[in-house]
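Everything quoted here is computed from the prediction, not taken from an experiment.
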Amino acid sequence: MSQIHVAWRFWLLATGFSLGLAGAAQAALTNDLQQLITWFSGEWNNNEQVWQQKIDAADVKLLVKQDSVAHVHEVAAPLKLPLLGEHVFYVQQSSGLERTEIKSQRLLRFTVDTAAQAIRQESFELKEPSRFVNLHLKPAEQAALKSEDLIAAPISCAMYWRYDATLKTFNGASQPGQCTDKVLRQGQDLVVYHSSTLNSTFHSSLSQTKDAGGQVLQGNRTDTAVRSRKARYFEGWLWFRNAGPSSLPEDKNISFTAKYLMHSEGQRMPVLFQDGSPSPYLIELATLTYQNTRKPVLKFTLMDSATLKTLTYVWANADAHTLGMNLGWFQAGVAQKSDHIYEGSK
């Protein structure tokens, strides 16, 4: 066999091996993309973080304290939107307790970036956000969405997600020094930094704008990310005697709610009398980690609606599917609704 033939066969083998590696890398990234969008999909709330920060702020023994973060609830819902691509999400952020207080809305597109060996996340703002509140629940509005309704963020501000197989976590970040803000201070190219962490139940996010000297001009000054847990929804019922704790066992003046829905990350719900008017009570469902035990629990609480003081509570392990309480005059129970994912801003 001639040297030319040997060289040619070697080139073919090398090319095939290279293509095989490239194909394997592409397949791995495609699998990563599917895992990322599966985990990202759902509702997220940082109730426990806000609760803990309030405790820390009042602790005189704690000398170093974080800058507080806002309490937010975020819906991340996949859309069928061929206009932008195959993997598009509508992300709506509202106040953590008052879901009608919409803070921001945007679309995110996720694609495989083989050159960067990562999953690229691009962002699109809505020109008229009020038109698209709860877009994830409005198929007609989704179908009517046009490119002129969107404002694409610069590609230099894209986030890149990479999977850490050891920690079973995705880490996302913008390219260092590439995303700039020319609006916050005219005449200066300020650098915007985005970073995130995601797994099946946890999502953190930090965005900061810094000047050339590294001073934080916008965003959390103690580098404290918003740390959210994925919300689980529960369906419940409640019954109580209208006279409250002082009522007698034979008292027949009662109220009953056959069905209500609430999530596991600090949602509070007014307890209503039978005629629909508010009673003096609230119920709350929250996943919390007490510092003396370091173990998260799912806590179901009855509260005074005026003072927000706890009247009683029950708890179970954090992944419990059912909870109930019976005080004689007040009874309630909740069970996880596993097929429920998204709520609106009502």
Side-chain angles (χ1 to χ4, degrees), residues 5-44 74-91 106-124 135-136 139 142-143 145 147 150 152-179 193-207 225 227-232 319 338-339 341-342:
H5 286 152
V6 171
W8 176 249
R9 291 183 64 182
F10 179 78
W11 181 84
L12 287 175
L13 287 171
T15 301
F17 181 70
S18 177
L19 290 173
L21 288 178
Q26 176 77 17
L29 284 173
T30 300
N31 290 337
D32 286 351
L33 173 58
Q34 292 299 326
Q35 185 66 82
L36 177 67
I37 62 176
T38 298
W39 285 353
F40 186 58
S41 178
E43 298 190 32
W44 302 89
E74 189 167 86
V75 171
L79 302 184
K80 291 184 178 179
L81 204 63
L83 170 70
L84 288 182
E86 185 177 358
H87 302 295
V88 179
F89 277 76
Y90 171 69
V91 178
R106 66 192 188 280
L107 299 182
L108 299 180
R109 175 169 63 195
F110 295 91
T111 54
V112 167
D113 189 324
T114 51
Q117 283 296 289
I119 308 302
R120 186 173 68 232
Q121 173 191 307
E122 299 165 77
S123 181
F124 301 81
L135 180 63
H136 59 303
Q142 294 175 35
L145 195 69
S147 57
L150 304 174
I155 192 65
S156 58
C157 292
M159 286 249 303
Y160 292 85
W161 293 89
R162 295 176 176 87
Y163 184 60
D164 185 325
T166 302
L167 298 177
K168 294 182 172 55
T169 298
F170 282 95
N171 297 305
S174 54
Q175 293 179 313
Q178 298 301 305
C179 183
Y193 297 88
H194 302 291
S195 61
S196 279
T197 302
L198 175 74
N199 62 30
S200 60
T201 60
F202 175 81
H203 182 211
S204 74
S205 180
L206 176 65
S207 293
R227 300 190 297 272
S228 299
R229 184 185 284 111
K230 183 172 281 189
R232 293 186 293 149
D319 58 355
S338 58
D339 60 343
I341 301 177
Y342 301 109

Student: Are any of the side-chain heavy atoms of L135 and Q142 separated by less than 4.5 Å?
Tutor: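 Yes - at least one pair of side-chain heavy atoms lies under 4.5 Å apart.
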Student: Locate the shortest heavy-atom distance separating S147 from L83; write the atom from each residue and the value.
Tutor: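 In this case the closest contact between S147 and L83 is N-CD2, 3.7 Å.
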Student: Quick one: are S196 and M159 in side-chain contact, heavy atoms under 4.5 Å?
Tutor: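 Result yes, sub-4.5 Å side-chain heavy-atom pair found.
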Student: Would you say the side chain of I119 lies within less than 4.5 Å of the side chain of V112, judging by non-hydrogen atoms?
Tutor: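 The answer is yes; the side chains approach within 4.5 Å.
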Student: Looking at side-chain heavy atoms only, is the closest gap between S200 and K230 below 4.5 Å?
Tutor: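 A side-chain contact under 4.5 Å is absent here.
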Student: Are the side chains of L198 and W161 in touch, meaning some heavy atoms are under 4.5 Å apart?
Tutor: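 In contact.
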Student: Is there a side chain to side chain contact (heavy atoms under 4.5 Å, CB included) between I155 and R120 once you walk through the steps?
Tutor: CA-CA 10 Å; I155 192 65; R120 186 173 68 232; 3.9 Å; yes
Student: With side chains defined as the heavy atoms from C-beta onward, is the minimum distance between T111 and E122 less than 4.5 Å?
Tutor: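 Heavy-atom side-chain distance check passes, below 4.5 Å.
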Student: Does any part of the side chain of L145, heavy atoms only, come nearer than 4.5 Å to the side chain of L150, both counted from C-beta?
Tutor: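 When only atoms from C-beta onward are counted, L145 and L150 do touch, with a gap below 4.5 Å.
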Student: Is the gap between the ring centers of F110 and F40 under 6.0 Å?
Tutor: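 Yes, the ring of F110 comes within the 6.0 Å limit of the ring of F40, centre to centre.
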Student: Tell me which pairs pass salt bridge (Lys or Arg N to Asp or Glu O under 4.0 Å) where either residue lies in residues 160-175, with sequence neighbours left out.
Tutor: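 Qualifying pairs: none.
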Student: Quick one: do Y163 and N31 satisfy side chain to side chain contact (heavy atoms under 4.5 Å, CB included)? Show the steps, please.
Tutor: CA-CA 10 Å; Y163 184 60; N31 290 337; over 6 Å; no
Student: Within the structure provided, determine whether S204 and F202 are in side-chain contact (heavy-atom separation under 4.5 Å).
Tutor: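 In short, these two side chains touch, coming nearer than 4.5 Å.
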